[in-house]
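Chain naming here is simple, since letters A, B, ... match the order of the sequence lines and numbering starts at 1 in each. As the structure is a prediction and not an experimental result, all values here were calculated from the model.
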Amino acid sequence: MGVQMYNTLTKQKETFRPIEEGKVNMYVCGPTVYNYIHIGNARPAVVFDMIRRYLIYRGYDVQYVTNFTDVDDKIINAAQEAGEDVFALAEKFIDKFFEDTSALGVKRADIHPRVTETMDDIIAFIEALIEKGYAYESGGDVYFKTKSFPDYGKLSGQSTDDLQAGARIEVGEQKQDPLDFSLWKRAKEDEVSWDSPWGYGRPGWHIECSAMVKKYLGDTIDIHAGGQDLAFPHHENEVAQSEALTGQQMANYWLHNGYIQIDNEKMSKSLGNFVLVNELIREHDPQVIRFFILQAHYRHPLNFNSELVEASGAGLSRIRNFLENVRHRHRTSADFADGTEWLKKIQTFKGRFIHEMDDDFNSANAITVLFDFVKEGNLYLQEPHTSKEVLQEVMNTFEEWGEVLGLSFFAEEELLSEDIEDYIEQRVKAREHKNFQEADRIRDLLKEKGIVLEDTPQGTRWKRVSSL
RNA sequence: GGCGGCAUAGCCAAGUGGUAAGGCAGGGGUCUGCAAAACCCUUACGCCCCGGUUCAAAUCCGGGUGCCGCCUCCA
């Protein structure tokens, strides 16, 4: 059956068929870099990173491109307010983007093109559209002639007639039709601008993605993704521009993630409920935030607040505890038992994981498979004899799943300092002599140092508790 | 007005025709010197409401209600 994904274009789940066997070209709309990213920006970054990782896991050679909109009204305004240089401000928030997303386990794209570095291609793209009669210059602006593209609306399910009703022409715009949208905007006084056949100006809102997709991935790509709100007008306009120019379908599969809501409302400046990732990761383990995001299906709306994240963290701890305990058992016990049955069972779990992920990247259900595994695995750990091979395979499996989900389930291998080793040794002796008062004293003392001790039939194990 | 999404236990969240996954929180128990971790039992006679189709519906159809979003920059 293979990987199934919900395609916004056809409004149904489809079996994924790449253009070229074994390869995937994937483009995800990136942020406008005028501020720190918020949790709403984090969701597409995380879920499409997960999808990318999964496709790689499934054997595809994935070429993944995410852009930065590094020149735009919002950036210009933000720079003005801060009294900073436009380019310096963009540069700064690109750095911050990488900082925040990598904390969330998001890998870098293969290519991160920027508008300012794609200017020639954008201008050439617009010129070609004018030549073909799909666009026109008007007072230094260039507009796309929406009605000249018959399929307009096919992605978002809007009809030009319906759109016509609500459309308006902004003051100062010189469109022939209210539905036309801008490809090139004439520069205002003292604004950053680039030279073009239509005078100084900068690209409109949607053209960058069309130009970048074409430049880096080709006329038709496999997957184009972004937030639900981008479907219209952004992606619709991209389709119009690209397909008008090339005559080819722009992308075979369109994926859109659902919104994150704060207390069931959209994040917005007016409501003042923006949650910046930057601030969030000071209060929560970023891995927990990622885990929280992946515990919901990527297309569904997801409500967000601190309590929910913490509840999620307890779940992640369960998995981590299990693996720490597996590791301890692996270190401390000999290889007695026959592992054949369990090795088979692990394969079954792996199959279930793939089955769930194949179904439109259902990471929520995939994580359920992990919990089911943990449940059975904990029972295994209680058996008097375990197989070292099985324990190793359990760790390998979670390592593999962790790589797909972008989660690290294992604490860093760590050696304790000698004095703490000594304490643990002393406590073992104290317990042997039934001096429980002393044993408890040492346990409390280490707990204050962030080391929690747990006594098992295989000896005392320790773990470090997170400071977060 | 047009387009779309959502509604499942105290909370989060799967499930899209076969008799309600999983996590968190709560309660009870087992194990333990005591803990911790873990395990066992327990928490929706019912999936927003009303009709209908079916041997069978949370799942399909019709009608309602509520919430959220897009249509303007927005992930």
Tell me whether the OP1 or OP2 atom of rC3(B) has a side-chain N or O from Lys11(A) closer than 4.0 Å.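 Result: no.
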Is Arg427(A) near enough to rC34(B) that one of its side-chain N or O atoms lies under 4.0 angstrom from OP1 or OP2? no
At 4.0 Å (heavy atoms only), tell me whether [X] reaches a base, stays on the sugar-phosphate, or touches nothing.
{"X": "Asp372(A)", "value": "sugar-phosphate"}
{"X": "His297(A)", "value": "sugar-phosphate"}
{"X": "Gly157(A)", "value": "sugar-phosphate"}
{"X": "Leu453(A)", "value": "base"}
{"X": "Lys434(A)", "value": "nothing"}
{"X": "Asn362(A)", "value": "sugar-phosphate"}
{"X": "Asn378(A)", "value": "sugar-phosphate"}
{"X": "Ile367(A)", "value": "nothing"}

Donor/acceptor link under 3.5 angstrom from Arg443(A) side chain onto base of rA36(B):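 Answer no: no donor N or O sits under 3.5 Å from an acceptor.
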Taking atom types as they are modelled, is there a donor-acceptor pair under 3.5 Å from the base of rC6(B) to the side chain of Asn303(A)?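 Answer no: no donor N or O sits under 3.5 Å from an acceptor.
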Determine the Euclidean distance between corresponding [atom1] atoms of [M] and [N]; express it in Å to zero decimal places.
{"N": "rA56(B)", "M": "rU19(B)", "atom1": "P", "value": "15 Å"}
{"N": "rG66(B)", "M": "rG27(B)", "atom1": "P", "value": "38 Å"}
{"N": "rC60(B)", "M": "rU16(B)", "atom1": "P", "value": "9 Å"}
{"N": "rU43(B)", "M": "rA21(B)", "atom1": "P", "value": "12 Å"}
{"N": "rC39(B)", "M": "rG23(B)", "atom1": "P", "value": "9 Å"}
{"N": "rC40(B)", "M": "rC45(B)", "atom1": "C1'", "value": "24 Å"}
{"N": "rC61(B)", "M": "rU53(B)", "atom1": "P", "value": "15 Å"}
{"N": "rG17(B)", "M": "rU54(B)", "atom1": "C1'", "value": "9 Å"}

Ring geometry between [Y] and [X] (parallel below 30°, tilted from 30 to 60°, perpendicular above 60°):
{"X": "Phe274(A)", "Y": "His38(A)", "result": "perpendicular"}
{"X": "Trp254(A)", "Y": "His224(A)", "result": "parallel"}
{"X": "His206(A)", "Y": "His234(A)", "result": "tilted"}

From the list [options], which nucleotide is the closest neighbour of the side chain of [X]?
{"X": "Pro233(A)", "options": "rC11(B), rG33(B), rC71(B)", "result": "rC71(B)"}
{"X": "Arg431(A)", "options": "rC24(B), rC73(B), rG33(B)", "result": "rG33(B)"}
{"X": "Ile260(A)", "options": "rC40(B), rG15(B), rA75(B)", "result": "rA75(B)"}
{"X": "Pro301(A)", "options": "rC6(B), rC12(B), rA13(B)", "result": "rC6(B)"}
{"X": "His300(A)", "options": "rA75(B), rC6(B), rA36(B)", "result": "rC6(B)"}
{"X": "Arg318(A)", "options": "rC73(B), rA37(B), rC39(B)", "result": "rC39(B)"}
{"X": "Gln295(A)", "options": "rG23(B), rA75(B), rA38(B)", "result": "rG23(B)"}
{"X": "Thr368(A)", "options": "rC68(B), rA21(B), rA35(B)", "result": "rA21(B)"}
{"X": "Phe232(A)", "options": "rC70(B), rA36(B), rA35(B)", "result": "rC70(B)"}
{"X": "Leu379(A)", "options": "rA37(B), rC40(B), rA75(B)", "result": "rC40(B)"}

Per nearest nucleotide of RNA chain B, the residue lying toward the 5' end, Glu356(A) or Ala314(A), is Glu356(A)
Name the residue closer to the 5' end of RNA chain B, choosing between Phe291(A) and Gln158(A) according to the nucleotide with the nearest heavy atom.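 The answer here is Gln158(A).
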Round to the nearest Å and state the distance from [X] atom [atom1] to [N] atom [atom2].
{"X": "Leu230(A)", "N": "rG69(B)", "atom1": "CG", "atom2": "P", "value": "16 Å"}
{"X": "Ile319(A)", "N": "rG22(B)", "atom1": "CD1", "atom2": "C1'", "value": "10 Å"}
{"X": "Tyr259(A)", "N": "rG4(B)", "atom1": "OH", "atom2": "P", "value": "18 Å"}
{"X": "Ile39(A)", "N": "rC74(B)", "atom1": "CD1", "atom2": "C1'", "value": "16 Å"}
{"X": "Lys447(A)", "N": "rC34(B)", "atom1": "NZ", "atom2": "P", "value": "17 Å"}
{"X": "Gln458(A)", "N": "rA36(B)", "atom1": "CD", "atom2": "C1'", "value": "15 Å"}
{"X": "Tyr152(A)", "N": "rC71(B)", "atom1": "OH", "atom2": "C1'", "value": "10 Å"}
{"X": "Leu381(A)", "N": "rC39(B)", "atom1": "CG", "atom2": "P", "value": "10 Å"}

Can you tell me if Phe371(A) is stacked onto the base of rG22(B), using a 5.5 Å centroid cut-off and an angle below 30°?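 Stacking is absent between rG22(B) and Phe371(A), given that the ring centres and planes do not meet under 5.5 Å and under 30°.
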Audit row: Phe410(A), Met395(A), side chain to side chain contact (heavy atoms under 4.5 Å, CB included) steps and yes/no: CA-CA 9 Å; Phe410(A) 295 89; Met395(A) 291 192 285; 3.9 Å; yes
Go through RNA chain B and write down every stem, that is, every run of at least three consecutive Watson-Crick or G-U wobble pairs with distances under 3.5 Å, as range with range. B:1-7 with B:65-71, B:10-12 with B:22-24, B:26-30 with B:38-42, B:48-52 with B:60-64
At what distance, to the nearest 0.5 angstrom, does CG of Leu370(A) lie from CG of Leu316(A)?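 Going from CG on Leu370(A) over to CG on Leu316(A), the span is 10.0 Å.
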Rounded to the nearest 0.5 Å, what separates atom NZ in Lys429(A) from atom CD in Glu438(A)? 12.5 Å
Please say which of Tyr27(A), Tyr64(A), Phe98(A) ends up in a ring-ring contact (aromatic ring centres under 6.0 Å, His included) with His112(A).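 Among Tyr27(A), Tyr64(A), Phe98(A), the one meeting ring-ring contact (aromatic ring centres under 6.0 Å, His included) with His112(A) is Phe98(A).
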Side chain proximity check, Ile122(A) to Trp194(A), heavy atoms < 4.5 angstrom: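 No, every pair of side-chain atoms sits at 4.5 Å or beyond.
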Could you check Gln176(A) against Ser138(A) for side-chain hydrogen bond (donor to acceptor under 3.5 Å, both in side chains), going step by step and ending with a plain yes or no? CA-CA 9 Å; Gln176(A) 291 172 3; Ser138(A) 172; over 6 Å; no
Tell me whether the centres of the aromatic rings in Tyr36(A) and Phe93(A) are closer together than 6.0 Å.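 Close enough - the centres of the two rings lie under 6.0 Å apart.
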Working note: Phe373(A) + Phe353(A), criterion ring pair (Phe, Tyr, Trp, His ring centres under 6.0 Å); need CA distance, chi angles, decisive distance, verdict. CA-CA 10 Å; Phe373(A) 193 123; Phe353(A) 180 86; over 10 Å; no
